[in-house]
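Throughout, residue positions are numbered sequentially from 1 according to the sequence presented.
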Amino acid sequence: MIVVVLVVVAVTSGGGTSGGGSNSTPLASASVLRQIEGVSPETMATQVKNDPPLAFPASTGNTTVLMANGKPKIVYIGAEYCPYCGGERWAMIMALSKFGTFTGIKQITSSASDNPSAIPTFSFLGASYRSRYLVFDPTETQDVNRNPLQTPTAENAALEAKYDAPPYTQAGGIPFVYIGGKWVIDGASYDVTPMQHLSHATVAQAAATGSTKYGSDIQATAGAIVSRLCNLTHGQPGNVCRSFPAVVGK
């Protein structure tokens, strides 16, 4: 008999929180999450092939998969004020939702004083991700006003120090996404400028339908991430990974 054990991983596994007001931030709209989590693997696979994102996850050259609790580990380090983190979270939630379930995601807007400004997005602070295939370990280092929130674990900080720099990436920065030890995302995967000052509902509809350039970019970025996650999970779950027979844009 094979027993499958589901492990709930809190996504607040970075250091303790301090400053900021994110713990009182409202939860993300259920309808917004339904729209972005409802995009099919087939749609993402088609989008990433036909209209790929500006940047694919870069190979680290590693052959060993980074594991935690017996499953491939995905590391994210970002901040709530960061517009590029804001854009990346849409694609990350779309992609990771095909391998597990998020709860407690907060709905925020990136800093209005940054450039690009006021990107509608989400926060992983205080949320959880449940998956039989992956471990997701994010850290939100600062809130929208740049007050400190979480500190990366020593292991994740060491990964960022090594891989968030040449030759793995062009320049250090956030978001930093480390995909199972084999790929890394540094900075924006697509142009988030058209999303400035839009509502979450507007972006969700575009992301669900691919009706705008930024909407199709979210789908394509998610597809690029899913193709790598399927590599890590050896093609599981099959109903997702059969649309991604190979790693796209190696």
Quick one: side chains of residues 230-238, donor-acceptor pairs under 3.5 Å with protein atoms, not counting sequence neighbours, listed by atom name and distance.
unit_1: N231; atom_1: OD1; unit_2: K182; atom_2: NZ; d: 3.1
unit_1: T233; atom_1: OG1; unit_2: L229; atom_2: O; d: 3.2
unit_1: T233; atom_1: OG1; unit_2: C230; atom_2: O; d: 3.4
unit_1: T233; atom_1: OG1; unit_2: Q236; atom_2: N; d: 3.3
unit_1: T233; atom_1: OG1; unit_2: Q236; atom_2: O; d: 2.5

Acceptor/donor pairs from residues 91-104 side chains to any protein atom, 3.5 angstrom cut, sequence neighbours excluded:
unit_1: S97; atom_1: OG; unit_2: I93; atom_2: O; d: 3.2
unit_1: S97; atom_1: OG; unit_2: M94; atom_2: O; d: 2.9
unit_1: K98; atom_1: NZ; unit_2: E37; atom_2: O; d: 2.8
unit_1: K98; atom_1: NZ; unit_2: V39; atom_2: O; d: 2.7

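Between the OG1 atom of T212 and the CG atom of D217 there is a distance of 8.0 Å, given to the nearest 0.5 Å. Rounded to the nearest 0.5 Å, atoms CG (D143) and OG1 (T25) are 8.5 Å apart. With values rounded to the nearest 0.5 angstrom, E88 atom CD is found 10.0 Å from D186 atom CG. Here OG of S111 is found 7.5 Å from CG of N145. Values are rounded to the nearest 0.5 Å. Considering CE of M44 and OG1 of T221, their distance stands at 11.5 Å, rounded to 0.5 Å.
Both Y129 and M67 belong to a single network of hydrophobic side chains, linked directly or stepwise wherever heavy atoms of I, L, V, M, F, W or Y lie under 4.5 Å apart.
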- Message: Evaluate T151 against T141 for side-chain contact (heavy atoms from CB on, under 4.5 Å), listing each step before the verdict.
- Response: CA-CA 6 Å; T151 301; T141 60; over 6 Å; no
- Item | Residue pair S29, Q107: steps toward the side-chain contact (heavy atoms from CB on, under 4.5 Å) verdict | CA-CA 7 Å; S29 161; Q107 189 163 298; 3.6 Å; yes
- Task: Please report the C-alpha distance between V184 and V177 in whole Å, then the side-chain angles of each, then the deciding distance to 0.1 Å, and finally whether the side-chain contact (heavy atoms from CB on, under 4.5 Å) criterion is met.
- Result: CA-CA 6 Å; V184 61; V177 186; over 6 Å; no
- Step by step, would you call F176 with Y76 a ring-ring contact (aromatic ring centres under 6.0 Å, His included)? CA-CA 6 Å; F176 171 75; Y76 159 88; 9.2 Å; no
- Task: Any chance you could lay out the side-chain contact (heavy atoms from CB on, under 4.5 Å) test for I218 and V203, step after step, and finish with the verdict?
- Result: CA-CA 10 Å; I218 292 171; V203 176; 4.1 Å; yes
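With respect to the salt-bridge test (charged N to carboxylate O, under 4.0 angstrom), the residues R89 and E80 do not qualify. A salt bridge links K213 to D51: at least one charged side-chain nitrogen sits closer than 4.0 Å to a carboxylate oxygen. Ion pairing between a basic and an acidic side chain is recognised when a charged N comes within 4.0 Å of a carboxylate O; K106 and E140 show no such pairing.
Nearest heavy atoms, S227 versus V247: O-CG2, 3.9 Å. Among all heavy-atom pairs drawn from Y84 and P116, the shortest one is OH-CD, 3.3 Å. Considering every non-hydrogen atom in both I174 and A79, the closest pair reads CD1-CB, 3.8 Å. Across all their heavy atoms, D114 and Y81 have their closest contact at OD2-CD1, 3.5 Å. Between T121 and H200, the shortest heavy-atom distance links the atoms O-NE2, 2.7 Å. For the pair C85 and G78, the tightest heavy-atom approach, listed with the atom from each and the gap, is SG-CA, 3.8 Å.
In this structure, a donor-acceptor pair under 3.5 Å is absent between the side chains of Q205 and S211. A side-chain donor-acceptor contact under 3.5 Å links T193 and D191. A side-chain donor-acceptor contact under 3.5 Å links T43 and S40. Side-chain polar atoms of N62 and T60 form a donor-acceptor pair below 3.5 angstrom.
Between the side chain of Q196 and the backbone N or O of S117, at least one donor-acceptor pair lies under 3.5 Å. With E160 contributing its side chain and I77 its backbone, the two residues share no donor-acceptor pair below 3.5 Å. Side-chain atoms of W90 come within 3.5 Å of backbone N or O of P120 as a donor-acceptor pair. R228 places a side-chain N or O within 3.5 Å of a backbone atom of A224 that can act as its donor or acceptor partner. Judged by distance alone, with hydrogens and angles left aside, the side-chain atoms of D164 form a donor-acceptor pair with the main-chain N or O of G173 at under 3.5 Å.
No option in I185, V248, I74 other than I185 meets the side chain to side chain contact (heavy atoms under 4.5 Å, CB included) test with I225.
The distance between the ring centers of W183 and Y178 does not fall below 6.0 angstrom. For Y190 and Y214, the distance between ring centers is not under 6.0 angstrom.
Under the 4.5 Å side-chain criterion, counting only non-hydrogen atoms from C-beta, Q142 is not in contact with N147. With a 4.5 Å cut-off on side-chain heavy atoms, I119 and M195 count as touching. Looking at S123 and I105, their side chains never come closer than 4.5 Å, going by heavy atoms from C-beta outward.
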